[in-house]
Peer 1: 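I have a structure here, written as structure tokens, and I will follow up with some questions on it.
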Protein chains: 2
Amino acid sequence: MTYRLPTLNTLRAFEAAARHLSFKTAATELGVTAGAISQQVKKLEISLGVAMFRRLPHGLLLTPEGEAYLPRISQVFEDLTAATEAIAPTINSKKFNVGICSKAAEILPPNWPKNRDSLKDYVRDSVCTNDIEMVWNNEIDCLVRLAGGPYGKLTSLTIPASSIGKFTPPALHFICKPGLADCRQTKAILHDLEAHTSLSI
Amino acid sequence: MTYRLPTLNTLRAFEAAARHLSFKTAATELGVTAGAISQQVKKLEISLGVAMFRRLPHGLLLTPEGEAYLPRISQVFEDLTAATEAIAPTINSKKFNVGICSKAAEILPPNWPKNRDSLKDYVRDSVCTNDIEMVWNNEIDCLVRLAGGPYGKLTSLTIPASSIGKFTPPALHFICKPGLADCRQTKAILHDLEAHTSLSI
DNA sequence: TCGGGAGACTCAGTAATTCTATCCCTGTAG
DNA sequence: CTACAGGGATAGAATTACTGAGTCTCCCGA
């Protein structure tokens with residue numbers, strides 16, 4: 001099974017240029033110079049022996065071949081993106097697997113975080129554990145525990161606990177890889193945790 | 001519209017390796033060394049943060065992610081190949097546009113070559129012309145005419161004409177780009193033309 | 001138990017590709 | 001007439017991919 005495939009680079013250049021009908025705009029979108037787009041498109045056209053664009057004095061037009069090619073290439077890109085997203089979600093679309101140590105679980109409501117509607121877009125599953133290693137090897141994305149560290153290169157975020165009368169409940173710690181410290185999921189979970197450390201006991 | 005796309009190279013390496021469950025065989029298929037496949041696959045795995053293969057002592061296995069990714073990538077490759085083939089047929093699958101000069105048309109049967117069943121897989125259309133330029137700019141793939149040349153860098157093939165009694169019918173010439181001189185379509189058309197130059201008049 | 005072979009991994013050096021930066025050209029607008 | 005916008009070409013720099021050689025592990029047969 002051997003495929004006849006133009007290089008992806010030339011296709012990206014073509015797809016962007018065809019969508020914008022402008023090499024310059026395409027270049028901006030792809031973060032390169034217009035010359036690079038021009039080269040890539042020309043390379044594609046030569047390798048296929050087919051002109052994709054009509055270079056008119058006042059702008060670009062697609063040839064019939066380019067017109068036919070564009071939607072199919074866009075579709076291929078979408079499929080490829082979807083396939084890739086399916087097995088390797090980008091940070092922003094992925095749901096967290098949350099680890100919770102047993103002591104933290106006592107403080108939090110039973111079945112947290114699964115019972116929280118506000119977290120249902122951010123949490124896939126939760127597991128009772130106290131094992132930092134599981135963060136490193138991606139079995140869980142974050143770990144909620146009582147102990148404050150040190151955690152080396154992992155990020156540890158402290159959830160402030162407000163005193164209730166003379167009693168200050170124990171602070172919780174949210175441990176995750178540095179790359180996940182600022183993302184939507186982390187913020188949502190932290191926000192939810194704060195509500196509990198202010199209310200519980 | 002900005003897509004998140006791994007490089008095509010890494011995907012090709014992955015796809016071939018996953019199909020064969022062997023870097024070495026994949027390397028042979030793609031005409032590179034096994035080291036190159038290894039590097040490309042690793043690059044893909046790192047960029048996605050997902051292992052595609054389990055490297056076992058006795059061979060390769062796909063991880064669940066790799067298992068899920070493979071069919072979708074293969075499908076993308078097929079779509080891409082089909083899209084490309086549609087607008088830029090490979091020499092072997094393309095049908096010729098045939099040019100025929102008016103003098104040659106007098107010798108050949110009316111409506112040749114469209115009326116020939118044996119050519120219907122090789123000829124898309126025909127047009128009456130005597131303009132060599134149309135071969136150069138791909139408006140037609142070949143030109144059938146009486147004049148023998150010279151044609152410079154174009155290939156000119158002579159269709160032998162057999163005498164009938166004292167009369168020798170004029171020889172026909174088949175002019176095409178050098179790259180098309182040896183392909184199936186040319187052979188089929190030449191073969192058909194020979195029949196006519198031996199029978200006509 | 002000891003080679004020998006197969007196949008994957010690593011790394012340094014080299015080859016190939018791609019990008020940038022620049023200049024040119026054309027057409028349009030002021 | 002001049003300025004500007006955008007595409008085309010090109011040389012050189014930067015990046016990326018490939019090769020080739022050496023290493024390792026496992027398996028197999030003697």
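In the text below, chain A, chain B and the rest are named by the order of the sequence lines, each starting its count at 1.
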Peer 1: Please determine whether a side-chain nitrogen of the Lys or Arg among B/Glu45 and B/Arg55 lies less than 4.0 Å from a carboxylate oxygen of the Asp or Glu.
Peer 2: yes
Peer 1: Between P on D/dC18 and CZ on B/Arg12, what's the gap in Å once rounded to a whole number?
Peer 2: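 Computing the B/Arg12:CZ to D/dC18:P distance gives 10 Å.
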Peer 1: Just say parallel, tilted or perpendicular for the rings of A/Tyr69 and A/Phe14, cut-offs at 30° and 60°.
Peer 2: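 Tilted: the ring planes of A/Tyr69 and A/Phe14 meet at 30° to 60°.
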Peer 1: For C/dT17, does OP1 or OP2 lie under 4.0 Å from any side-chain N or O of A/Gln40?
Peer 2: no
Peer 1: Please report, rounded to the nearest Å, how far the C1' atom of D/dA17 is from the CZ atom of B/Phe14.
Peer 2: 20 Å
Peer 1: With side chain to side chain contact (heavy atoms under 4.5 Å, CB included) as the test, pick out the partner of B/Val98 among B/Leu119, B/Val144, B/Asp141, B/Leu143.
Peer 2: B/Val144
Peer 1: Quick check on side chain to side chain contact (heavy atoms under 4.5 Å, CB included): which of A/Gln75, A/Met52, A/Glu65, A/Glu15 does A/Leu70 satisfy it with?
Peer 2: A/Glu15
Peer 1: What is the separation between atom CD1 on A/Ile46 and atom P on C/dT17, rounded to the nearest whole Å?
Peer 2: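 That distance rounds to 13 Å.
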Peer 1: Check the phosphate of C/dT17 against A/Lys43, side-chain N and O only, distance under 4.0 Å to OP1 or OP2. Yes or no?
Peer 2: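 Negative; the distance criterion is not met.
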Peer 1: Atom CD1 of A/Ile37 and atom P of C/dT18: how far apart are they, to the nearest Å?
Peer 2: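 These atoms are roughly 12 Å apart.
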Peer 1: Let me know the distance between CD of B/Glu45 and C1' of C/dA8, rounded to the nearest Å.
Peer 2: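 From B/Glu45 CD to C/dA8 C1': 12 Å.
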Peer 1: Apply side-chain contact (heavy atoms from CB on, under 4.5 Å) to the pair A/Thr63 and A/Phe53, showing each step before the final yes or no.
Peer 2: CA-CA 5 Å; A/Thr63 60; A/Phe53 294 97; 5.7 Å; no
Peer 1: Across nucleotides 4-13 of chain D, 5' to 3', mark each nucleotide with B, S or - according to how protein heavy atoms within less than 4.0 Å reach it.
Peer 2: --SSSSBB--
Peer 1: Which atom pair, heavy atoms only, marks the closest approach of A/Glu29 to A/Arg19?
Peer 2: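 Closest pair (atom of A/Glu29, atom of A/Arg19, distance): OE2-NH2, 2.8 Å.
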Peer 1: Whole angstroms only, please: what is the CG-P distance between A/Leu11 and C/dT18?
Peer 2: 12 Å
